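Here is the structure we will look at, set down as structure tokens.
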Amino acid sequence: MRGLGKGLWAGLCAMLCLAPMFPLGMLLTGSLMGGGEALKTLGPVFSRAAGYASWPLLPQYPTLRGYMELMLDSPEFFAMFWNSIVYAVLALLGQLVGVGAAWGLARYRFPFRKAIFGLYVFLMLMPFQVTMIGQYLALDSLQLMDTRWAIILPTAFSTLPVFIMTRFFEAIPESALEAARIDGAGEGRIFLGIALPLGFSGLLSAMVLGFIEVWGMIEQPMTFLRSQNLWPLSMYLPQITQDSLGWAMTASAIALLPPLLVFLCGQRYLVQGIGSMGLKEG
């Protein structure tokens with residue numbers, strides 16, 4: 001009985017672990033379907049047809065037609081794909097400036113330091129809907145609405161990297177910094193030669209999270225951009241109708257690749273960085 005119970009528990013845990021993978025499998029399967037097959041399986045959902053929606057484990061007639069059409073006949077897809085790359089890269093470069101702020105908050109004592117850090121945390125927890133009006137008025141006064149900078153600047157000043165790097169820098173032993181000062185190292189050399197190498201995992205973890213956040217944003221471009229030639233890839237999918245459902249799944253599968261690759265490449269650093277945020281010198 002004990003072995004049976006252990007087996008049932010293991011099976012339940014396996015099912016729970018596999019459950020989040022179902023939408024991904026559904027997406028990959030749908031990207032290999034023809035438009036008619038995809039609409040037929042989900043017809044009761046989109047067109048309110050009679051019957052029940054179903055989803056096969058494998059497509060009945062697998063085809064790469066959706067990928068070929070998207071690659072060869074959709075220049076607007078690649079334009080939005082490139083826009084997303086530009087927004088993500090420039091936003092992450094801007095977020096690197098916050099590393100200096102994180103070092104100052106973590107290692108120096110000055111008036112209102114805790115209050116400033118608390119403000120960073122407060123802003124990090126606030127959703128975009130709360131700060132939207134303030135950002136809109138600021139960008140409008142700077143005449144940056146409907147430009148690339150309307151997306152890049154707000155994301156470049158994200159408080160999440162500062163929070164992650166501050167907690168990570170606080171975990172660096174003070175004894176290591178004091179030893180460097182005794183050897184004659186200045187503050188700049190300590191930051192470049194000790195803080196950044198030891199904080200590399202935390203920095204990469206912040207960049208991975210930042211890339212995923214910028215890549216998937218949709219409310220910011222809907223609010224700040226009117227020109228379709230400036231839209232990121234996240235704005236492409238809502239424009240697809242039910243008649244091109246298979247195409248939509250193909251586009252979603254391709255759009256998923258960059259954040260997935262970034263996550264897989266930085267997964268080890270992400271785990272190390274987040275784990276090290278809880279470590280402090282004893």
Side-chain angles (χ1 to χ4, degrees), residues 74-105 112-167 202-241 248 251-252 254-260 262-263:
S74 303
E76 68 278 5
F77 177 84
F78 288 99
M80 294 183 182
F81 190 94
W82 173 248
N83 286 339
S84 292
I85 293 291
V86 171
Y87 293 146
V89 171
L90 294 182
L92 293 183
L93 289 177
Q95 291 179 9
L96 290 177
V97 180
V99 176
W103 177 250
L105 290 170
F112 308 110
R113 181 182 67 89
K114 292 185 177 180
I116 294 175
F117 182 72
L119 180 61
Y120 270 90
V121 176
F122 178 72
L123 292 174
M124 181 184 67
L125 297 177
M126 294 178 65
F128 171 73
Q129 293 84 352
V130 177
T131 61
M132 177 179 64
I133 296 179
Q135 293 184 26
Y136 185 95
L137 294 176
L139 292 171
D140 186 61
S141 63
L142 295 172
Q143 298 182 355
L144 295 178
M145 291 292 297
D146 200 28
T147 66
R148 296 187 187 275
W149 295 109
I151 302 298
I152 296 170
L153 287 180
T155 52
F157 288 98
S158 173
T159 58
L160 177 61
V162 178
F163 171 78
I164 294 178
M165 292 305 300
T166 299
R167 304 302 298 174
L203 179 61
L204 283 183
S205 66
M207 294 298 99
V208 170
L209 294 175
F211 181 88
I212 295 175
E213 178 185 6
V214 176
W215 188 267
M217 63 183 178
I218 189 171
E219 294 175 321
Q220 292 89 335
M222 289 180 64
T223 305
F224 301 143
L225 300 179
R226 293 185 295 272
S227 303
Q228 293 189 12
N229 63 312
L230 298 177
W231 283 0
L233 189 57
S234 57
M235 295 288 290
Y236 179 79
L237 299 179
Q239 310 303 314
I240 299 177
T241 63
S252 299
I254 296 178
L256 181 64
L257 286 178
L260 181 61
V262 168
F263 175 78

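Sequential numbering from 1 along the given sequence is applied to the chain's residues. Given the structure is predicted, the values throughout are model-derived calculations rather than measurements.
- M80 and M235 get closest at one heavy-atom pair: SD-C, 4.4 Å.
- Among all heavy-atom pairs drawn from S227 and N229, the shortest one is CB-OD1, 3.0 Å.
- Using a 4.5 Å cut-off on side-chain heavy atoms (C-beta onward), Y87 and R148 make contact.
- Taken to the nearest 0.5 Å, the OG atom of S252 stands 11.0 Å off from the CG atom of L257.
- Panel note: side chain T155, backbone I152; a donor-acceptor pair is recorded below 3.5 Å.
- The ring-ring contact (aromatic ring centres under 6.0 Å, His included) test applied to F224 returns F128, not counting sequence neighbours.
- With hydrogens and angles ignored, the 3.5 Å screen pairs no side-chain donor or acceptor of N83 with any backbone N or O of L233.
- Looking at heavy atoms from C-beta onward, Q228 lies out of side-chain contact with E76 at the 4.5 angstrom threshold.
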Problem - Check against side chain to side chain contact (heavy atoms under 4.5 Å, CB included), F117 and V162 - result: CA-CA 9 Å; F117 182 72; V162 178; 5.8 Å; no
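- Note: L125 CG to L160 CG = 10.0 Å, rounded to the nearest 0.5 Å.
- S234 contributes no side-chain N or O that, together with a main-chain N or O of G216, makes up a donor-acceptor pair within less than 3.5 Å.
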Exercise for the section: Begin with the C-alpha distance, continue with both residues' side-chain angles, and end with the deciding distance and a verdict on side chain to side chain contact (heavy atoms under 4.5 Å, CB included) for W231 and M222. Expected result: CA-CA 8 Å; W231 283 0; M222 289 180 64; over 6 Å; no
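- Every residue meeting the side-chain contact (heavy atoms from CB on, under 4.5 Å) condition with L260, not counting sequence neighbours, appears here in chain and number order: L264.
- Between F81 and P232, the closest side-chain pair of non-hydrogen atoms is not below 4.5 Å.
- A ring pair (Phe, Tyr, Trp, His ring centres under 6.0 Å) check over residues 136-162, counting only residues at least two apart or in different chains, returns nothing.
- For the side chain to side chain contact (heavy atoms under 4.5 Å, CB included) test with W215, the passing option among V262, I85, L256 is I85; the others fail.
- R226 CZ to T147 OG1: the interatomic distance, rounded to the nearest 0.5 Å, is 10.0 Å.
- With sequence neighbours excluded, no residue forms a side-chain contact (heavy atoms from CB on, under 4.5 Å) with Q143.
- The nearest pair of heavy atoms linking D146 to L230 is O-CD1, 3.2 Å.
- Looking at every heavy atom in both residues, G210 comes nearest to Q95 through CA-OE1, 4.2 Å.
- Within 6.0 Å of CD1 on I133 lie no more than 12 heavy atoms contributed by other residues, nucleotides or ligands.
- Taking 4.5 Å as the limit, every side-chain heavy atom of P161 sits out of range of all side-chain heavy atoms of V99.
- Between L105 and Y120 there is a side-chain heavy-atom pair separated by less than 4.5 Å.
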Problem - Working for side chain to side chain contact (heavy atoms under 4.5 Å, CB included), residues E219 and Q129 - result: CA-CA 9 Å; E219 294 175 321; Q129 293 84 352; 2.6 Å; yes
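- Annotation: side-chain contact (heavy atoms from CB on, under 4.5 Å) contacts of P154 (sequence neighbours excluded): Q135, L139.
- Partners of M126 according to the side-chain contact (heavy atoms from CB on, under 4.5 Å) rule, which considers only residues two or more places apart in sequence or in another chain, are F122, L123, V130, T131.
- Summarising the geometry, atom CZ belonging to F211 is positioned 8.5 Å from atom OG belonging to S84; distances are rounded to the nearest 0.5 Å.
- To the nearest 0.5 Å, the span separating CD1 on I212 from CE on M217 amounts to 14.0 Å.
- L96 places a side-chain heavy atom less than 4.5 Å from the side chain of M207.
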